[in-house]
Amino acid sequence: MTAPKNEAPPLEAAALDALRAQAVEEIGGCSDLSALGELQRKYLGKQGVLAGWLARLPSLPPEQRPVLGQGVNRLKKELTELIAGRESALERAALESAMGGPFDASLPPAPQERGSLHPLTQVTREIEDLFVSMGYQVADGPEIETDWHNFEALNIPPDHPARDSQDTFYIRGPGRLVMRTHTSPVQVRALERLKPPLRAIAPGKVFRNEATDASHEHTFHQLEGLVVDKGVSVAHLISSMKTLLRGIFRRELEIRLRPGFFPFVEPGFELDARCPFCSTGCSVCKQSRWIELLPCGLVHPNVLRASGVDPDEWSGFAFGLGLSRLVMLRFGITDVRLLLSGDLRFLEQF
Ligand code: PHE
């Protein structure tokens with residue numbers, strides 16, 4: 001180690017005192033952290049002033065070395081502490097000025113903005129938990145679907161009138177792709193991939209080319225359910241739907257089935273439940289005391305066949321829960337368009 005040649009004061013106590021006075025003054029007057037870093041290097045660094053002093057000690061007569069050596073080491077310790085103290089004072093000052101005042105640990109914290117889960121996410125997760133607890137798996141499918149999965153495999157051939165009611169967005173270009181109009185194509189994908197016996201639900205976005213109003217939106221959410229096993233009947237369908245309703249509304253609701261037509265189920269039903277909001281009629285049930293809850297039915301043999309499943313061996317039921325509508329019912333939301341509006345005034349309420 002060599003001392004910087006240009007600052008080699010005589011090795012004596014008076015010079016060390018002078019050095020101390022200078023260092024203390026410089027450190028005390030230092031008002032920013034990077035300058036303080038330089039002072040540290042200047043005095044305490046490997047090539048620093050004190051290192052230079054120590055390196056030159058061996059040139060002193062042996063009897064003088066201990067006294068001066070101890071003096072240098074004391075000064076080293078003193079300056080180290082001074083710099084550390086100055087550093088925390090400067091850091092604290094910087095923090096306080098950033099916070100606009102001194103820090104008081106006893107003050108309550110400043111209010112924090114917290115996010116929350118979208119109501120659709122909340123309800124989806126709740127229903128997923130319910131079905132997973134009954135041995136269902138959660139399946140998924142693409143939002144841009146083939147004509148085959150969205151229609152044909154679901155027993156809806158090209159000229160079938162049921163296509164009109166689905167107000168489809170077609171994707172231009174090759175491949176006959178559509179924005180899926182319902183979550184039912186996931187039935188086909190689940191059957192193709194998993195093979196029976198199977199129980200699956202599939203929540204997701206669906207799209208319809210519709211004029212929008214308070215109860216119609218071009219993009220909304222459904223939750224599909226599918227059970228295929230041996231000997232599955234309408235009795236299984238009804239009991240599963242009752243469990244679903246208990247899970248959602250947290251009490252027993254009377255239900256009724258009306259015939260409903262969907263090409264991919266036979267027989268097909270519309271399931272209504274007693275209005276959970278009134279006992280004498282209200283605006284939600286339009287005074288009828290029933291609310292239309294979900295279409296469902298036994299999986300049509302053609303759907304099983306299209307997915308490579310033998311309808312003589314297997315049977316199943318399917319249902320299509322309108323998630324958007326359910327979320328609206330649950331939270332008393334009166335305009336479906338709010339759900340995907342991204343409007344914070346709406347979202348902050350959840
Ligand atoms: N996919 C149908 C629709 O959106 C609903 C449905 C699902 C009907 C499953 C019966 C069984 O119109």
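Predicted, not measured: the structure shown is a model, and the values here were computed from it. As the structure lists them, so they are numbered: ligands from 1, and atoms in each ligand from 1.
- Between Pro276 and Leu253, the shortest heavy-atom contact is CB-CD1, 4.1 Å.
- Residue Phe319 is tested with Phe269, Phe131, Phe264 for a ring pair (Phe, Tyr, Trp, His ring centres under 6.0 Å); the sole match is Phe131.
- Thr181 places none of its side-chain heavy atoms less than 4.5 Å from the side chain of Arg163.
- Residues meeting the side chain to side chain contact (heavy atoms under 4.5 Å, CB included) test with Pro109, sequence neighbours left out: none.
- Using a 4.5 Å cut-off on side-chain heavy atoms (C-beta onward), Phe220 and Val206 make contact.
- Below 30°, between 30° and 60°, or above 60°: for Phe151 and His182 the angle between ring planes is between 30° and 60°, a tilted geometry.
- Protein neighbours of ligand 1 below 4.0 Å, counting non-hydrogen atoms: His182, Ser184, Gln187, Arg208, Gln222, Glu224, Phe262, Phe264, Val265, Pro295, Cys296, Ala318, Phe319, Gly320.
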